[in-house]
Amino acid sequence: MAGSQLRKRLWQHKIFYLFLLPGVVWFFIFSYVPLYGVQVAFRDFTFSGGFTGSPWAGWKYFEQFFSYYQSTDIIRNTIIISLMKLLIGFPMPIILAILLNEVTKVKFKKTVQTLTYLPYFVSWIVVVTLMQRLLTPSGGPVNELLGLFGVEPIQFLNNTTWFYQIIIGSDIWKGIGWSSIIYMAAIAGVDQQLYEAAKIDGAGRFRQIWHVTLPGIRNIAVILFILSTGSLMSAGYEQLLLLNGPATAAIGSVLDVHVISSGLSQGRLSYAAAVGLFQSLIALILIVTVNRIARKVSDVSLF
């Protein structure tokens, strides 16, 4: 009986389920089919043998990674950079969305929105090239400006003193506008009667934000935070590959770059797959753990 009712309801809403079809197909092709290749991490992969013809290697490549003399440093660097991005970068789109929501001049608001969205569509190659032009100690506008105040030229790039500031700052600049879209949509969905009630109670703009806006977007923020914790083992491949150099390698070598350089540059596909699988398993554990904590603390969770 229950099965027939379910089939009846599915048939009644078939047009809506058809909208899901492209997404389901996309996930199946690009997210589930590639899982077949995970076995490469446990094989001595050769192109002649393929996925099924290459001999089994067991945990050989996992042991190689954990016995690698730089593996501890690479894991530590990845966690430090990812944590800084999460703790500093995560609140920024929320702050931007709230500030834009308080702007009453539509033209100014749209201009700011456009200017903050644009960096998201610029590739990291262009961003890094722009940063090199701006921050170079040889005639760069930033150092020229500092020179007017008597400051000696600063080597911002390839400098461990400024490395984290450059990484975190550029990451926030590139993604803050795009990430704020979801929060602006959430703020737009807050019941306006709550603001009117707060005004009647004598609440100013700051108290309205604290007692109405923030609770209104809390669920969205918790969900996005849970998803963000899944990237703690992924500090960003393109950005770190381009901004990290020999001078900053001690604090800038991360797992993403290590996987790509091992797999593509050195041709060690099984080793790269093993390290990548390690990243994914840690990400899964983090998401499940944070999701469980969030469900207990705030009654909001992914599953």
Donor-acceptor check, side chain of [X] to backbone of [Y], threshold 3.5 angstrom: yes or no?
X	Y	result
Asp44	Ala57	no
Ser231	Ser234	no
Asp201	Ala203	no
Thr116	Gln113	yes
Asn77	Asp73	yes

Tell me whether Val126 shares a hydrophobic cluster with Phe121, the cluster being built from Ile, Leu, Val, Met, Phe, Trp, Tyr side chains joined at under 4.5 Å.
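Linked, Val126 and Phe121 end up in one cluster.
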
If we ignore angles and hydrogens, is there a donor and acceptor under 3.5 Å between the side chains of Arg205 and Gln208?
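Yes, because at least one side-chain N or O of Arg205 sits under 3.5 Å from a partner of the opposite role on Gln208.
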
Any donor-acceptor pair under 3.5 Å linking the side-chain atoms of Thr213 with those of Tyr195?
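Result is yes, a qualifying pair exists.
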
List the residues meeting side-chain hydrogen bond (donor to acceptor under 3.5 Å, both in side chains) with Ser253, not counting sequence neighbours, and say none if there are none.
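side-chain hydrogen bond (donor to acceptor under 3.5 Å, both in side chains) check on Ser253 returns nothing, list empty.
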
Non-hydrogen side-chain atoms of [X] and [Y] separated by less than 4.5 Å:
X	Y	answer
His258	Gln70	no
Leu148	Leu145	yes
Val275	Ser262	no

Indicate every side-chain donor-acceptor pair of residues 296-303 with a distance under 3.5 Å to a residue at least two apart or in another chain.
| residue | atom | partner | partner atom | Å |
| --- | --- | --- | --- | --- |
| Ser298 | OG | Ala294 | O | 2.8 |
| Ser298 | OG | Val300 | N | 3.4 |
| Ser301 | OG | Phe303 | O | 3.2 |

Kindly check if the number of other-residue, nucleotide or ligand heavy atoms within 6.0 Å of CH2 (Trp56) is above 12?
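It does: Trp56 CH2 has more than 12 such atoms within range.
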
